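The structure under discussion appears below in the form of structure tokens.
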Amino acid sequence: MNVLRLLREHFRQALLALNISEPEQYLDLIRPTSDSRFGDYQANLAMPLGKALGRPPRTLAAEIIAHLALDEATEPPEIAGPGFINLRLRSDWLARQLLHVAPDDRLGVTAVSVPQTFVLDYSSPNVAKPMHVGHLRSTIIGDCLARTLRFLGHRVITDNHLGDWGTQFGMLIYGYKHYRDEQALRRDPVREMLRLYVLVREKIREAGNTAEEDEEEAANPVAEACRLETAKLHAGDPENLELWRRMMPWCLAELERIYRRLHIQFDYTLGESFYHPMLTEVVQDLLQRGIATYSEGAVVVFLNDQQPPAIIRKRDGAYTYMTTDLATVRYRMERFRPEAILYVVDFRQSLHFQQLFEIARRWGYKNVRLEHVSFGSVMGPDRKPIKTREGGAVELEALLDEAVRRARAIVDMNSPELPEDKRAQIAEVVGIGAVKYADLSQNRTSDYVFNWDKMLAMDGNTATYMQYAYARIRSVFRKGDICPEEIRRVQEMPRLSTPEERNLALWLLRLSEAIENAASEYRPNHITAYLWELANAYHAVYQNHPILKAPDETLRRSRLLLCDLTARTIKLGLGLLGIGTVEQM
RNA sequence: GCCCCCGUAGCUCAGCAGGACAGAGCGGCGGUUUCCUAAACCGCAGGUCGCAGGUUCGAAUCCUGCCGGGGGUACCA
């Protein structure tokens, strides 16, 4: 059930009946009303249509209405202002739709008729570095998009393109060779790796202290030594390769722990190292096809006069991440045959992706949508981007711990009667949910200022608010000793006896609009905005009308059905965001 | 220099393939509890949508210029 789609289909028919060619272009102008005074949906197409046909919009609007076969679903449409067509859904129609949705696990959201294959590239942290808040966005947004596209019936392949072959490994190898603590390594290798990484970073900073920014690395003996270790690794040096093989599982275990806590899973974890053996051949192929050329000792692809060329092999013979990314495109195309590959990556890499996509097209990959799903930076309190090397980034795990700690404090205060382990479990779900929601509820393209209080807020438009609404509904069912399944089975038209109930019904039926918007624009905040409206609509009912003590039995069942649907919608919506619910809180 | 993004209420942000008086959260002020969880609800205050032009019946939304901020820009990823 998608109300908007239904309305648009009716308008399409009406426009066709009026001999208007290509009606599709006008159907976007049918949308939810900007103000509930104007009804539930409004069609703004008479004005542009009037201009195109050279006819008065209001007359045209009247003609369109005359050809609409919407009597069952809407009240008689009204024409307003310059030619707005205002639509108000009939309450009995809304009630009937709810009845249809009630037994459906998908709550009326239909799967797409033509599933597509999406490869989603997200999270992709550099291993051997602690994850920080900057990694959160990619990880959480990517996970949400994967869940959402999958729910809509698409084939989704998630791939964590780890940075497991870069300079940070040179740093680790250098650290291992010079500063390792054997005992610590045996006791807790992950922690020791972290110590070594931080230590080497510190050494580099010390060594480079006097150098200028530009020549820092050239003038920095420690950085130079690290680069040498990286080069040896890439050249296949047995000792470094062996060290890499030893360290990788430790690094992965560290990442895995955080992903488990965030309930994030990948179908594949094919890092940069996986593509290393293919790079020589990729460059050869691009040269042979005349896509790449030699320039100043490097192998590059010239794109246009405005841009510097993309380098796919450096003067010293080393490959760049452009090379790796090209190899990755080819591998994914051959193995998964996707219709789309989405890269959920920081907007600062937009030039890189622009170049990557252009080269991929020249290479022959034209029948695939390559999309950079970019997002803004996390800014520090000074409104400047948090950068790892500035050391200003908050480590992810510390963030999660703090979130859970705060949630725990509130649980302890509000529900001291619950057993200890229960409260801990609730705090985990609420805390992690707060962090995820704070990120997902914002338009991903915006930068945002990192702020503990905001990110961990538990009031306003937050996961906690939704979880709370959910828990309260579950509490109603517990109090009344009512089984939701029975309420769903009663095939009786719900009674929308008040404006609040009618409004809630309307929002319940808009779930698919929200999900489809989120999927088509790759923007989770459409789902959070929807949940916020829904939860508000529910609270308005809950606050003003008794449910268990409704005036009569029919109304009681009717309201319980609304409750049940609301709870399931919240759970489903939060689920798409990768956020859990609890029965009590 | 060139390219990209951003500038909306005290703060953080929605809205931007043009549409009906610009929205929300937080913060501030004031209310609501014999009632299904007050992690809730209701009300009030608060905005020249950076500035100036332009296109349009209609511009926060599109175009141009300017101001301010961020990012990127041949061998880091």
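The structure presented is a predicted model; accordingly, all values stated were derived computationally and were not measured. Residue numbering restarts at 1 for every chain, and letters A, B, ... go by the order of the sequence lines.
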> Taking only residues two or more places apart in sequence, or in another chain, which ones meet A/Asp447 in a salt bridge (charged side-chain N to carboxylate O under 4.0 Å, His left out)?
Replying inline: none
Sticking with atom [atom1], work out how far [N] lies from [M], rounded to a whole angstrom.
{"N": "B/rG28", "M": "B/rG10", "atom1": "P", "result": "16 Å"}
{"N": "B/rC42", "M": "B/rC4", "atom1": "P", "result": "45 Å"}
{"N": "B/rG23", "M": "B/rG15", "atom1": "C1'", "result": "7 Å"}
{"N": "B/rG50", "M": "B/rA9", "atom1": "P", "result": "8 Å"}
{"N": "B/rG53", "M": "B/rC3", "atom1": "P", "result": "26 Å"}
{"N": "B/rA60", "M": "B/rA24", "atom1": "C1'", "result": "16 Å"}
{"N": "B/rC26", "M": "B/rU73", "atom1": "C1'", "result": "39 Å"}
{"N": "B/rG47", "M": "B/rA22", "atom1": "C1'", "result": "8 Å"}

From the list [options], which nucleotide is the closest neighbour of the side chain of [X]?
{"X": "A/Tyr468", "options": "B/rA39, B/rC75, B/rA77", "answer": "B/rA39"}
{"X": "A/Val449", "options": "B/rG15, B/rU37, B/rU12", "answer": "B/rU12"}
{"X": "A/Leu351", "options": "B/rC13, B/rG72, B/rC75", "answer": "B/rG72"}
{"X": "A/Val476", "options": "B/rC36, B/rU73, B/rA40", "answer": "B/rC36"}
{"X": "A/Lys51", "options": "B/rA14, B/rC36, B/rC57", "answer": "B/rC57"}
{"X": "A/Phe347", "options": "B/rG71, B/rC13, B/rA77", "answer": "B/rG71"}
{"X": "A/Asn525", "options": "B/rU12, B/rA14, B/rU37", "answer": "B/rA14"}

Nearest-Å distance, [atom1] ([X]) to [atom2] ([N])?
{"X": "A/Met455", "N": "B/rU12", "atom1": "CE", "atom2": "C1'", "answer": "12 Å"}
{"X": "A/Glu272", "N": "B/rC76", "atom1": "CD", "atom2": "P", "answer": "14 Å"}
{"X": "A/Asp28", "N": "B/rU61", "atom1": "CG", "atom2": "C1'", "answer": "16 Å"}
{"X": "A/Glu224", "N": "B/rC76", "atom1": "CD", "atom2": "P", "answer": "11 Å"}
{"X": "A/Phe375", "N": "B/rC13", "atom1": "CZ", "atom2": "P", "answer": "16 Å"}
{"X": "A/Tyr542", "N": "B/rU33", "atom1": "OH", "atom2": "P", "answer": "16 Å"}
{"X": "A/Asn443", "N": "B/rA60", "atom1": "CG", "atom2": "C1'", "answer": "15 Å"}
{"X": "A/Glu500", "N": "B/rC42", "atom1": "CD", "atom2": "P", "answer": "10 Å"}

> Does the side-chain contact (heavy atoms from CB on, under 4.5 Å) test come out yes or no for A/Val127 and A/Met248, once each step is laid out?
Replying inline: CA-CA 8 Å; A/Val127 302; A/Met248 270 302 284; 4.2 Å; yes
>> Taking ring-ring contact (aromatic ring centres under 6.0 Å, His included) as the cut-off, I'd like each qualifying pair that reaches into residues 542-563 of chain A, sequence neighbours left out, listed once.
In response: A/Tyr538-A/Tyr542
>> Run A/Ser123 and A/Thr139 through side chain to side chain donor-acceptor pair (under 3.5 Å) and show every step you take.
In response: CA-CA 4 Å; A/Ser123 196; A/Thr139 307; 2.9 Å; yes
> Can a donor-acceptor pair be found between the side chains of A/Asn44 and A/Gln42 at a distance below 3.5 Å?
Replying inline: yes
> Will you find, in the side chains of A/Ser520 and A/Asn517, an N or O donor that is under 3.5 Å from an N or O acceptor?
Replying inline: no
> Centres of the A/Tyr465 and A/His539 rings: under 6.0 Å?
Replying inline: yes
> Would the A/Phe357 and A/Tyr343 ring centres measure less than 6.0 Å apart?
Replying inline: yes
> Checking side-chain contact (heavy atoms from CB on, under 4.5 Å) for the pair A/Met455/A/Leu136: CA distance, chi angles, key distance, verdict?
Replying inline: CA-CA 12 Å; A/Met455 184 162 259; A/Leu136 200 57; 4.2 Å; yes
[X] vs [N]: side-chain N/O to OP1/OP2 distance below 4.0 Å:
{"X": "A/Thr320", "N": "B/rC75", "result": "no"}
{"X": "A/Tyr465", "N": "B/rU37", "result": "no"}
{"X": "A/Asn414", "N": "B/rU37", "result": "no"}
{"X": "A/His539", "N": "B/rC41", "result": "yes"}

Which part of the nucleic acid, if any, lies within contact of [X], taking any heavy atom under 4.0 Å across all strands shown: a base, the sugar-phosphate backbone alone, or nothing?
{"X": "A/Gln349", "value": "base"}
{"X": "A/Tyr319", "value": "sugar-phosphate"}
{"X": "A/His545", "value": "base"}
{"X": "A/Ala318", "value": "nothing"}
{"X": "A/Pro308", "value": "sugar-phosphate"}
{"X": "A/Gln307", "value": "nothing"}
{"X": "A/Gln584", "value": "base"}

>> Please list, in numerical order, the residues of residues 427-442 of chain A that have a heavy atom closer than 4.0 Å to any atom of RNA chain B.
In response: A/Gln442
> When every nucleotide of nucleotides 19-26 of chain B is labelled 5' to 3' by its protein contacts under 4.0 Å (heavy atoms), B for base, S for sugar-phosphate only, - for none, what sequence of letters results?
Replying inline: BBB--SSS
>> Tell me if B/rA17 is syn or anti. Syn = glycosidic torsion within 90° of 0, anti otherwise.
In response: syn
> With no angle test and no hydrogens, is the base of B/rA74 tied to the side chain of A/Ser295 by a donor-acceptor pair under 3.5 Å?
Replying inline: yes
> Quick check: does any side chain N or O of A/Arg444 sit under 3.5 Å from a backbone N or O of A/Tyr522, one acting as donor and the other as acceptor?
Replying inline: yes
>> For A/Gly163, is there any backbone N or O sitting under 3.5 Å from a side-chain donor or acceptor partner on A/Gln168?
In response: yes
Do the charged groups of [X] and [Y] touch, with an N to O distance under 4.0 Å?
{"X": "A/Glu513", "Y": "A/Arg5", "answer": "no"}
{"X": "A/Asp453", "Y": "A/Arg406", "answer": "yes"}
{"X": "A/Asp552", "Y": "A/Arg495", "answer": "yes"}

>> Please convert RNA chain B into dot-bracket. A pair counts if it is Watson-Crick or G-U wobble with both distances under 3.5 Å; crossing pairs go in [ ] and bases paired with another strand get |.
In response: (((((((..((((.....[...)))).(((((.......))))).....(((((..]....))))))))))))....
>> By the side-chain hydrogen bond (donor to acceptor under 3.5 Å, both in side chains) test, which pairs, at least two apart or in different chains, include something from residues 350-360 of chain A?
In response: A/Tyr321-A/His352, A/Asp325-A/His352, A/Glu358-A/Arg362
> Between A/Leu548 and A/Thr167, who's closer to the 5' end of RNA chain B by nearest nucleotide?
Replying inline: A/Leu548
